[in-house]
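Quick note on labels: first sequence line is chain A, next is B, and so on, each numbered from 1. Values in this document were obtained by computation on a predicted structure and should not be read as measured data.
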Amino acid sequence: AAGVIQSPRHLIKEKRETATLKCYPIPRHDTVYWYQQGPGQDPQFLISFYEKMQSDKGSIPDRFSAQQFSDYHSELNMSSLELGDSALYFCASSLVERFGSYNEQFFGPGTRLTVL
Amino acid sequence: AQKVTQAQTEISVVEKEDVTLDCVYETRDTTYYLFWYKQPPSGELVFLIRRNSFDEQNEISGRYSWNFQKSTSSFNFTITASQVVDSAVYFCALSEDNYGQNFVFGPGTRLSVLP
């Protein structure tokens with residue numbers, strides 16, 4: 001079965017540079033979530049999108065922005081990178097069935113961002 | 001606000017021992033979902049189980065078992081006859097939202113199974 005695809009899997013950037021992470025949800029899934037996991041930390045929710053609209057916002061820095069496109073893929077844009085942005089970034093997708101059962105989140109393999 | 005506590009930061013056991021990972025949660029909602037995820041050294045998050053708040057039945061899946069007790073707000077995870085491949089960080093997580101929002105992870109427990 002198709003899974004969530006994230007690209008790139010590894011990314012190395014310098015301080016103050018920008019980075020774009022991409023997430024391709026499972027086909028037919030309409031909701032995308034982004035999480036940031038710092039070294040030795042648990043994943044922290046950043047932001048989510050449902051049907052191309054932002055649905056919830058967590059601890060996402062103002063330097064970061066994200067969007068979901070018409071094909072449901074999502075991109076997380078990170079500007080003015082700082083050393084503390086080095087982390088594993090997970091994307092998850094789900095199919096929201098508002099009158100159905102729980103909407104399972106399926107996680108991608110993550111993108112490991114290293115800021116030097 | 002919802003919160004997940006995993007008091008054990010690191011646990012080391014010898015292969016074939018049983019080990020229990022503790023998870024205590026806080027929520028004001030009557031409907032919520034609890035999860036366990038495994039994160040091996042390769043980094044991906046592997047889904048292990050989801051349990052909703054109305055189902056307190058314990059579950060067993062091979063060497064894995066889960067004990068959900070609402071009275072103590074706990075959702076503990078036991079691995080019997082542990083194996084080296086069980087070495088990973090295990091996260092307990094809580095969601096109060098049927099739409100999958102407000103997904104909160106605990107700090108994780110690093111399990112090392114020694115040969």
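- Annotation: A:Asp71, atom CG; neighbour count of heavy atoms from other residues, nucleotides and ligands within 6.0 Å is above 12.
- Interface remark: A:Gln44 contributes no atoms to any contact with chain B (heavy atom separation under 4.5 Å).
- For A:Gln41 against B:Phe91, the heavy-atom pair with the smallest separation is O-CZ, 3.9 Å.
- The CZ atom of B:Phe105 sits 11.0 Å away from atom CZ of A:Phe45, with the distance rounded to the nearest 0.5 Å.
- For chain B, no part of A:Phe106 is nearby; none of its heavy atoms comes within less than 4.5 Å.
- Hydrophobic clustering places B:Trp36 together with B:Ile79 (ILVMFWY residues linked when any side-chain heavy atoms are closer than 4.5 Å, directly or through intermediates).
- Heavy-atom neighbours of B:Lys70 NZ from other residues, nucleotides or ligands within 6.0 Å: above the threshold of 12.
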Step by step, work out the side chain to side chain contact (heavy atoms under 4.5 Å, CB included) result for B:Gln39 and A:Phe107.
CA-CA 11 Å; B:Gln39 188 172 44; A:Phe107 283 85; over 6 Å; no
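- Within 6.0 Å of CZ on B:Arg51 lie more than 12 heavy atoms contributed by other residues, nucleotides or ligands.
- When all heavy atoms are compared, the tightest approach of A:Gln105 to B:Tyr37 is O-OH, 3.7 Å.
- The environment of CD1 in B:Ile60 is sparse: at most 12 heavy-atom neighbours from other residues, nucleotides or ligands sit within 6.0 Å.
- Interatomic distance, A:Ser94 OG to B:Phe103 CZ, rounded to the nearest 0.5 Å: 10.0 Å.
- Other residues, nucleotides and ligands contribute at most 12 non-hydrogen atoms within 6.0 Å of the NZ atom of A:Lys22.
- Listed here is the closest heavy atom pair of A:Pro43 and B:Leu45: CG-CD1, 4.2 Å.
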